[in-house]
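The structure appears below as structure tokens.
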Amino acid sequence: MTGFLVRRVAGALVILLIISAVTFYLFYAIPRDPARAFCGKICQPETLALIRHNLGMDEPLFVQYWHWLTGIVAGRDFVQFGECPAPCLGYSFATQEPVFGAIVDRFPVTLSLTVGASVVILAFGIVTGMIAAWKVGQPLDKIASASSVIGASLQIYFVGPLLAFYLVDTLQLIPRPSYVPITESPVEWFTHLMLPWVVLSIIFTANYTRMTRSQMVEQLAEDYVRTARAKGMSNRTVFFRFAWRGAMIPIVTIFGVDLAVLLGGAIITEQTFSLHGIGELAVRAVQNTDLPMLLGVTIVGATAIVVLNIVVDVLYAFIDPRVRLS
Amino acid sequence: MRSHSRRIASITAVLAAGALALAGCAKGGGGGAPQGAAGTTQTPLENKAVSAISVGTAADSAGPAPEVPGAKPGGTVYMIDRDDFSHLDPGRIYLNYNSSVSKLFTRTLTAYKHEPSGDIKLVGDLATDAGTTEDGGKTWKFTLKDGLKWQDGSPITSADIKYSFERLFADFITEGPDYAETWLVPDPNKPFRDQYKGPYDGKELDTIETPDDKTIIFHLNGEHPDFNFTVAMTGYGAVPKAHDTKQKYDKQPFSSGPYKIVSHITDKSMDLERNEHWDPKTDPIRHAYPDKFHMEFGVQAQQSTERFMADTGNDKYAFTFHNAVAAERVQEVLGNPELMKRSVQGLTPFTTFYNINTKRITDINVRKAIIAAWPSKQIQQISGGEINTGKIATTVLSPTVLGYEAFDLYGKLAKPEGDPEEAKRLLAQSGNPNPTVVYAYNQTPTQEKITVAIKEALTKAGFKVVAKPLNPTTYYDAIGVVDNKYDIYWGGWAADWPTGSTAIQPLFDGRLIADNASNYSHLNVPEINEAIDKANEITDAAEAGKAWAAIDRMIMEQAAIVPEYYQTYFGLYGSGLGGVKFDPIEGEQSALDIYVKQ
Amino acid sequence: MTFPSSTATDAAAESADTAGSAGSGTAAVVGRSPGQLMWRRFRRDKTGVISAIIVLAFFAIALLAPVISALYGKDPYTTYGQNQPGLLNEYGYPIAPNGGISGEFWFGLEPGLGRDVFMQLVYGIRTSLSIAVIVTVITTVIGVVMGLTSGYLGGKTDYVIGRIIDTLLAFPSQLFLIVFLPVVEAAIVLPEEETPVWLRYVSICVVLTVLGWATIARLLRSQVLSLRTREFVEAARVTGASPARIIFKELLPNLWTPIIIQSTLALPLYVGSEAGLGFLGVGMTEPTPDWGRMFQVGVNVYHSDVTYLLFPGVSMLIFVVAFNLLGDSIRDAFDPKTKR
Amino acid sequence: MTTVSWSGEPGTSRGPGPFLSVRDLSVEFSTEDGIVHAVDGLSFDLEKGTTLGIVGESGSGKSVTNLAILGLHDPAHTKISGEIWLEDQELISAGSGTMEKLRGNRIAMIFQDPLTALSPFHTIGRQIGEVYRKHKGASKKEARERAIEMLRRVGIPQPETRVDHYPHEFSGGMRQRAMIAMALVCDPDLLIADEPTTALDVTVQAQILDLLKELQQQFGTAIILITHDLGVVAGTADNVLVMYAGRAAERGTVREVLREPRHPYTWGLLSSMPRLNSPVDVPLKPVRGTPPSLLNPPPGCPFHPRCDYAELAGPELCFTQRPSISPETGHGDACYLTLEQKRDLRTATTEDRA
């Protein structure tokens with residue numbers, strides 16, 4: 001287990017290094033001058049040069065990248081912004097705040113959104129999938145299958161505004177989506193995030209319904225399930241204790257892969273409902289060509305995905321005793 | 001302001017912060033008459049100057065500000081907007097949006113006072129009057145009022161003011177205006193930072209004299225008769241030496257105004273509370289009725305419009321500095337008298353226009369043909385009509401600038417949809433009936449559509465149009481290159497203060513052409529350059545106004561730009577608020593007279 | 001002491017038999033090829049057939065767009081609303097109710113520019129579908145090649161390809177999509193040239209492909225890894241078959257099912273992604289008709305003109321649902337074990 | 001000890017009779033391609049403490065028969081008719097609750113491939129124990145002790161630690177032993193072993209078969225041993241039922257069927273089997289052709305397309321009419337050839353080989 005973790009973490013670090021380098025070089029390849037953003041309306045060339053120096057942009061690209069890397073460990077000191085304690089991902093070109101702080105600040109929103117949506121996706125998707133599998137071929141199964149096909153075909157940017165329009169504006173059934181810290185008011189946290197959760201999870205839920213159903217059907221045809229039945233286990237036991245375990249393995253795997261997609265979905269969802277999460281931060285960074293922020297968000301996003309994938313692998317070992325973490 | 005229209009700025013949210021910072025603040029003058037409740041039909045904003053701008057007296061400068069009828073102190077006012085304030089350190093402020101909020105906690109030597117009549121007066125804010133000069137603008141003297149205090153209760157002294165100017169030379173203060181810096185060093189033609197490096201290494205700037213705690217004297221290196229307008233810019237606001245946290249000051253400025261910042265979470269929220277040490281008797285422009293302000297950021301125009309329309313919960317007590325009614329909801333809002341009662345409307349100091357690169361299109365007839373063929377009406381329709389954009393413009397100067405004169409050299413108001421026949425005639429004169437023009441545009445959804453219309457209209461007139469999309473984040477970098485390969489590209493501007501000098505000189509003085517400079521049409525006509533110099537020396541405001549209007553006409557005769565709009569602002573606020581007014585100087589809602597209805 | 005009877009699939013047939021689904025068991029007996037069987041099963045699936053007809057109809061519309069345009073008498077580029085007075089009001093919205101639907105403009109007019117919605121939709125299918133098809137084909141080919149190479153060769157190659165796949169899958173791709181497109185173009189096109197339409201088209205394909213192939217490659221890699229140790233492959237190897245032969249004759253035939261299933265899954269996803277790009281403002285540029293851009297406009301104007309959002313929304317929903325159902329049917333036909 | 005008889009009237013309650021009695025059992029699957037007649041009118045009996053070997057090729061219906069006894073078929077796609085009596089309990093008409101109580105308790109089953117037949121997610125101990133808990137109402141602790149005891153009984157070393165292992169940590173033979181332990185944990189009266197040794201190597205096969213025998217002697221369990229391997233039958237079973245195309249082709253005691261096979265199909269099976277006492281250079285003779293389609297079974301005797309002697313019984317008989325098994329009790333087979341014809345042909349072939 002320890003060996004496994006050490007190797008996986010090392011691998012993850014390499015991946016993150018590659019991603020950061022690619023992103024760094026790629027984004028810096030955009031023909032633009034961020035220094036211009038720090039210069040007044042009527043900008044003197046000397047001022048521009050001063051700003052470039054302040055930002056460390058007068059150095060070769062690989063030196064800049066090196067500074068960026070060391071900043072994460074040791075912190076940096078910018079003339080333009082002041083001190084930036086470790087872990088320093090630089091300062092935003094747009095808001096002039098430390099990138100790391102901004103991300104930490106936004107983290108609870110995105111975490112609430114994705115965790116909540118994951119719960120909806122897994123709970124609802126798996127439950128409906130199991131119901132469908134339990135009632136294979138019966139009307140309930142057909143309804144579940146049909147609605148999951150439609151759900152899987154929907155787009156966040158189509159459903160989001162429509163639901164908001166009808167549920168919030170027209171019918172006023174639920175409050176307008178926003179983020180209330182759970183520490184402040186758990187109830188409001190819940191009610192205000194309901195719509196985003198639903199919208200973000202619609203597409204995924206449908207997929208998990210389909211997947212759970214087909215996995216369950218497949219597992220129910222497995223030999224060991226037949227053995228369980230031959231042992232006199234009741235249908236319920238067979239279904240929930242035996243087949244379920246087997247069906248969960250591919251679902252956990254797919255969920256690990258989906259996390260990246262879910263994060264992408266969170267971007268659109270946050271954008272749709274104006275939630276100040278990391279996704280929204282990212283989109284603004286893109287719009288502003290806010291390189292440090294973009295880089296920071298990309299790295300944090302990638303880190304989240306990589307770490308969660310390790311978690312999924314560990315989880316995998318718990319679900320499937322055949323898998324050994326070595 | 002370099003945002004094409006609020007629609008583009010707010011909805012597609014693609015303008016780079018850079019562009020926003022560049023956009024500068026709206027120190028334009030003149031009063032687009034605020035039109036509070038305009039009923040269900042839109043009241044047309046006339047193309048006429050409403051420029052009752054004057055310099056106020058010491059009496060005008062004395063506090064307290066005249067009471068707003070019906071206003072009572074107390075309550076919390078909410079503010080929702082798309083963006084957080086990019087800067088709060090006065091030295092780094094150029095953007096109108098930052099200025100609007102700074103007025104709540106940063107005071108300047110002079111400020112604009114909005115008379116109930118709609119007239120605007122430049123009055124002393126920290127100073128007892130709008131400043132005095134006896135040598136045509138080379139030496140300026142200001143005297144501080146009594147009873148001025150920082151938020152910790154310590155007095156605001158002339159040394160603080162001097163220090164506020166000195167620190168503008170520091171290497172990290174690069175975003176704000178640099179008029180004063182350039183004028184306060186011995187040689188205006190050399191980089192000012194080479195001549196003084198700021199106060200942090202202990203050196204003082206000897207061109208600012210503080211004979212006592214109340215008096216401050218500026219010795220400029222030239223005649224600047226409108227220097228008292230210059231120091232009204234938030235960029236020259238007061239910063240205390242004892243509490244200057246350098247870079248950190250940008251997030252937590254030390255208050256000299258009626259409120260202080262109690263918390264500021266970047267991009268999310270900012271909370272203001274009363275500054276008990278602020279004395280209303282010293283302040284001619286601020287009321288400070290609410291006890292608190294809670295500001296929320298990240299609300300797109302679409303959402304803020306919806307929230308104002310819904311008018312529930314705390315949104316009842318909300319206003320917005322900058323967010324306009326989302327273009328797609330304008331129709332709905334205009335049709336709802338109840339909403340119109342809670343709307344704010346007015347002409348901003350911003351003008352927008354299409355630069356014609358005179359370096360590439362040297363034939364004036366081709367330039368005139370472009371203006372003639374231009375589909376102004378179609379563009380306005382695509383952008384959501386007049387209320388979302390502005391009045392179709394025909395001049396360089398905005399009606400909000402002192403001295404503005406209305407004229408329409410190319411008959412655009414008669415044929416706003418474009419006159420292909422006239423354009424063809426002009427092209428025939430030029431000798432090339434089918435010139436190729438490169439139209440570069442900011443690649444945003446609205447701009448793409450506008451491009452379709454422009455291409456169609458110009459093609460009809462015989463042009464061959466190459467449409468060149470530019471990345472919104474690098475748009476200004478691309479068109480800012482002197483040797484750019486584009487012929488027509490959009491731009492916008494607002495004067496830094498309501499005289500013609502900052503409205504015209506940066507854009508059309510041929511001697512200022514440089515990479516990243518703002519003379520995007522690259523116009524370099526000696527007569528115009530000379531006229532600019534002359535106009536700059538006129539000390540009488542009305543005379544100067546006339547001179548600038550004449551230059552305006554000269555520029556339009558050169559067909560250097562296709563004027564687009566005099567921008568309008570149209571915003572909503574919650575039903576629980578009173579005293580929400582349009583600020584024609586900043587071109588957005590003002591927080592100074594706001595109160596919670598009780 | 002066993003019967004050397006019948007075929008090598010003895011065990012498989014027996015278990016299929018005992019499981020109560022004699023499908024594959026009898027297949028060998030009747031002697032139909034898997035292709036024929038699949039076709040037979042598919043034809044019997046009503047949902048599948050209807051979906052196929054709908055999907056084909058979409059493709060037909062895409063192909064026949066110019067014909068439809070000629071019959072209908074309009075094109076997707078003319079700004080009817082701006083050229084003819086009385087169609088759009090001063091805010092650019094259609095004056096007639098329901099987004100300006102009329103006998104002349106069947107699906108109404110686009111707010112702002114006043115182009116014909118029906119034509120936009122018809123030509124928009126072309127853009128969306130062609131991009132989706134191209135990207136699906138390319139990602140599948142790359143994915144298959146990489147997956148096969150990685151799985152078959154193993155060792156260092158596998159390690160390198162595996163890490164590339166990991167990296168790509170760990171990348172927040174939504175972000176990458178938004179940022180990468182402008183970068184690609186800025187790098188290629190000279191400032192004074194108009195960015196050609198095909199370049200944006202190609203960039204979209206390239207970006208979607210770069211981020212898309214990893215999924216299928218990962219899937220095929222694991223499939224190949226499990227196939228590689230199977231007897232028939234071992235046998236081929238022992239008998240000295242060349243790697244090419246093993247890959248093309250032994251491995252590939254066994255991979256067709258996952259490949260086809262994966263690509264039917266992917267295609268509607270790419271339709272969505274392409275529209276998503278348009279929605280975020282980095283998709284196809286004006287004036288090329290594009291569904292994603294219609295969405296973007298639609299989401300902005302739906303309060304005043306909901307019709308304009310509904311047309312692309314519902315059309316896309318129908319297409320994606322039909323394609324997903326078709327995909328399911330194809331999957332069932334290939335692999336009756338997971339019958340719906 | 002006669003195993004196979006026609007006693008008993010369908011539908012009537014029975015007095016003391018054979019322990020297990022299958023009467024006219026038919027099993028049909030509906031598939032997309034049509035109806036598959038997997039088992040067609042099969043009858044047989046089984047007494048306590050004896051072993052019945054069911055032999056046949058793939059798809060001959062032997063496994064289906066036994067799944068029908070356990071009621072493990074997919075009810076949506078399967079039609080079953082006939083009767084199955086376990087002492088005085090009719091199984092086909094029994095409710096699912098009754099069947100649940102019987103399965104694993106009175107009737108247990110061992111499957112061919114212990115790797116796939118055991119749940120990979122649960123420990124061996126738990127899988128054994130849960131049967132005991134379900135049917136005997138034992139506590140977790142008792143179940144665990146019972147599991148250890150059972151593991152010890154089937155010859156697994158260190159059962160105290162092995163009980164907590166997962167199936168993938170066992171070797172193939174050990175897994176099958178565990179499987180047997182699981183089947184026998186409730187001392188069932190009837191054990192159905194479906195190809196219990198096919199997946200194992202030869203030495204382990206023998207051990208497993210010995211184990212089954214030994215346990216049978218200890219507990220008096222009746223065993224149905226399904227196999228396609230006559231060798232296994234020869235060493236283990238008391239009686240044999242040869243199945244072909246869902247029907248009984250021949251039945252009798254092991255001695256009868258192996259020594260004096262009557263049905264040409266049985267001959268084929270035997271001649272395709274290597275013997276230790278026959279010369280190595282004599283080639284084995286497999287049954288030619290392939291098993292018939294159960295969708296469209298050939299008319300007449302289902303074996304006729306593969307039978308070398310079909311003409312001997314007359315020009316049409318084998319091709320048009322289905323032979324039924326005769327005589328009704330004792331050593332019987334379903335063939336139109338006379339006993340003399342069979343004996344002559346049999347002698348001829350045996351001499352050929354010898």
Side-chain angles (χ1 to χ4, degrees), chain A residues 30-51 53-54 78-83 91-98 101-102 105-106 109 161 164-165 168-169 172 175-179 270-271 273-277 280-281 283-284 286-290, chain B residues 2 12-25 84 86-87 94 171-172 174-179 182 191-194 235 245-248 250-251 265-268 297-300 302-303 306-307 309-310 312 471-474 476-478 480 496 502 506 514-518:
Chain A
I30 299 175
R32 72 178 293 281
D33 186 357
R36 192 69 183 82
F38 297 89
C39 199
K41 185 162 76 171
I42 299 165
C43 181
Q44 315 289 347
E46 309 77 58
T47 313
L48 208 56
L50 173 71
I51 295 165
H53 177 73
N54 286 356
F78 290 92
V79 179
Q80 198 76 17
F81 314 106
E83 203 203 335
Y91 273 84
S92 158
F93 285 171
T95 59
Q96 277 100 52
E97 63 180 321
D105 227 34
R106 307 299 196 89
V109 182
F165 182 64
V168 179
D169 293 332
Q172 308 200 329
R176 183 168 301 282
S178 65
Y179 178 72
E270 286 173 12
Q271 199 61 15
F273 296 113
S274 178
L275 297 171
H276 311 313
E280 197 236 3
L281 200 65
V283 172
R284 283 164 54 107
V286 170
Q287 287 164 350
N288 296 334
T289 323
D290 185 351
Chain B
R2 290 189 186 183
T12 61
V14 282
L15 261 185
L20 281 173
L22 282 177
C25 72
D84 190 2
S86 49
H87 294 285
Y94 219 140
D171 55 2
F172 64 92
T174 55
E175 293 93 340
D178 54 14
Y179 297 106
T182 313
F192 58 85
R193 277 193 184 85
D194 291 354
T245 49
K246 293 191 183 178
Q247 289 100 334
K248 305 283 175 229
D250 209 15
K251 296 294 164 199
I265 303 167
T266 308
D267 269 358
K268 266 163 81 181
F297 314 114
V299 184
Q300 303 289 323
Q302 178 93 42
Q303 281 123 17
E306 282 167 19
R307 283 168 65 170
M309 289 169 78
T312 52
N471 184 336
T473 58
T474 58
Y476 290 103
D477 300 333
D496 282 342
T502 57
D515 282 351
N516 282 321
S518 40

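- The part of B:Phe297 that comes within reach of chain A is its backbone (N, CA, C, O), which places non-hydrogen atoms under 4.5 angstrom from that chain.
- With a threshold of 4.5 angstrom between heavy atoms, B:Lys246 does not approach chain A through any atom at all.
- Applying the side-chain contact (heavy atoms from CB on, under 4.5 Å) rule to A:Pro98 yields the partners A:Tyr91; only residues at least two apart in sequence or on another chain are considered.
- Note: A:Glu97 CD to B:Asp250 CG = 11.0 Å, rounded to the nearest 0.5 Å.
- Interface remark: A:Leu48 contributes side-chain atoms only to the contact with chain B (heavy atom separation under 4.5 Å).
- For A:Leu50, the side-chain contact (heavy atoms from CB on, under 4.5 Å) criterion is met by A:Asn54, B:Asp171, B:Thr174, B:Arg193, not counting sequence neighbours.
- With a threshold of 4.5 angstrom between heavy atoms, B:Pro191 approaches chain A through its backbone and through its side chain.
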